[in-house]
Amino acid sequence: MAKLMLALDVLDENKALKIIEEVNDYIDAVKIGYPLVLACGLDVIKKIKDICDKEVIADFKVADIPSTNEKIAKITLKYADGIIVHGFVGEDSVKAVKDVAKNLNKKVIMVTEMSHPGALKFIQPIAEELAEMAKKLEVDAIVVPSTRPQRLKRLKNIANLPIITPGVGAQGGKIEDILNELGEDDYVIVGRAIYQAEDPKNAAKKFKEQIKNI
Ligand code: C5P
């Protein structure tokens with residue numbers, strides 16, 4: 001069975017921690033990004049982990065030169081269990097993060113294709129090469145779009161790595177369209193459709209049940 005990762009892009013710490021408490025029984029991991037960390041600081045990761053004791057991935061889409069990437073990874077991975085990086089900046093930049101993560105026994109997840117409409121112009125044309133690069137660099141997983149199930153399948157086949165896939169819910173992706181492609185090491189990412197729901201607990205429960213029904 002694939003796993004459910006909550007994208008917790010809220011801007012208020014109390015709200016973030018309340019949602020974690022509510023949905024804890026139904027999620028397998030948490031993804032935080034710039035919205036929450038810029039609003040509350042990196043300490044919020046520790047507070048989330050204290051409540052749910054689950055993997056927290058920092059979606060910082062790191063995209064800089066190797067020495068800057070290395071610094072970002074060293075700070076982030078003091079707190080988070082994994083970090084998301086961009087691949088288009090090149091092998092050396094991704095490798096700099098991988099080296100830090102390896103020393104700390106943490107994960108590096110690399111973006112191949114993004115899930116929003118704007119991704120079609122610049123990142124989709126190079127996404128297959130990025131998937132090959134991810135395979136070569138042996139990152140822990142890749143990010144692929146659930147808004148485009150055929151692309152998800154193609155990129156997963158190329159990289160032959162676990163996937164984490166955003167786009168279900170608010171961006172229009174449907175779990176039933178990607179379920180056949182998912183294995184037990186893969187994560188479906190859902191954000192707004194859970195944390196903006198009237199009843200986040202029930203929303204998370206429904207997504208979890210849908211994932212179970214493979
Ligand atoms: O709210 P929603 O379910 O659309 O959240 C999706 C999450 O996944 C957001 O945190 C977004 O930044 C992230 N993401 C994405 N597409 C990518 C990579 C990350 O939507 N390719």
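All values reported here derive from a predicted model rather than from experimental measurement. Read the numbers this way: they start at 1 and go in the same order the structure lists the ligands and their atoms.
In this structure, the protein non-hydrogen atom closest to atom 13 (C) of ligand 1 is Lys31 NZ, 3.4 Å. The protein non-hydrogen atom at the shortest distance from atom 9 (C) of ligand 1 is Asp9 OD2, 3.2 Å. Distance from atom 17 (C) of ligand 1 to its nearest protein heavy atom, with residue and atom name: Pro166 CG, 3.5 Å. Regarding atom 3 (O) of ligand 1, its nearest protein heavy-atom neighbour is Gly191 N, 2.8 Å.
Counting the atoms of ligand 1 from 1 in the order shown, those under 4.0 Å from a heavy atom of Glu113 are 21 (N). Taking every heavy atom of Asp59 and a limit of under 4.0 angstrom, the matching atoms of ligand 1 come to 13 (C), 19 (C). Taking a cut-off of under 4.0 Å to the non-hydrogen atoms of Val143, the atoms of ligand 1 that pass are 18 (C), 21 (N). Residue Ala7 has at least one heavy-atom neighbour below 4.0 Å for each of these atoms of ligand 1: 7 (C), 10 (O).
Between atom 6 (C) of ligand 1 and the options Met114, Met5, Lys61, Gln171, the minimum heavy-atom separation is to Gln171.
The side-chain contact (heavy atoms from CB on, under 4.5 Å) test with His86 singles out one residue from Val143, Ile123, Leu130, Val94, and that residue is Ile123.
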Residues Glu181, Lys156; criterion salt bridge (charged side-chain N to carboxylate O under 4.0 Å, His left out); working and verdict: CA-CA 9 Å; Glu181 311 306 330; Lys156 184 171 160 64; over 6 Å; no
Worked verdict on Asn24 versus Lys54 for side chain to side chain donor-acceptor pair (under 3.5 Å): CA-CA 9 Å; Asn24 195 13; Lys54 288 181 179 138; 2.6 Å; yes
Lys46 vs Asp50, salt bridge (charged side-chain N to carboxylate O under 4.0 Å, His left out): CA-CA, chis, key distance, verdict: CA-CA 6 Å; Lys46 190 177 174 312; Asp50 283 347; 3.3 Å; yes
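For the pair Lys107 and Glu55, the salt-bridge criterion is met [side-chain N within less than 4.0 Å of a carboxylate O].
Checked against a 3.5 angstrom limit, the closest N/O atoms of Arg192 and ligand 1 fall inside it. When only interatomic distances are considered, the shortest N/O to N/O separation between Val111 and ligand 1 does not fall below 3.5 Å.
Side-chain rings of Phe60 and Tyr34 approach one another, their centers coming within less than 6.0 Å.
Both the backbone and the side chain of Ser115 come within contact range of ligand 1, each with a heavy atom under 4.0 Å.
Side-chain atoms of Thr165 and Pro145, non-hydrogen and from C-beta on, never get closer than 4.5 Å to each other. The closest side-chain heavy-atom distance from Leu6 to Val190 is not below 4.5 Å.
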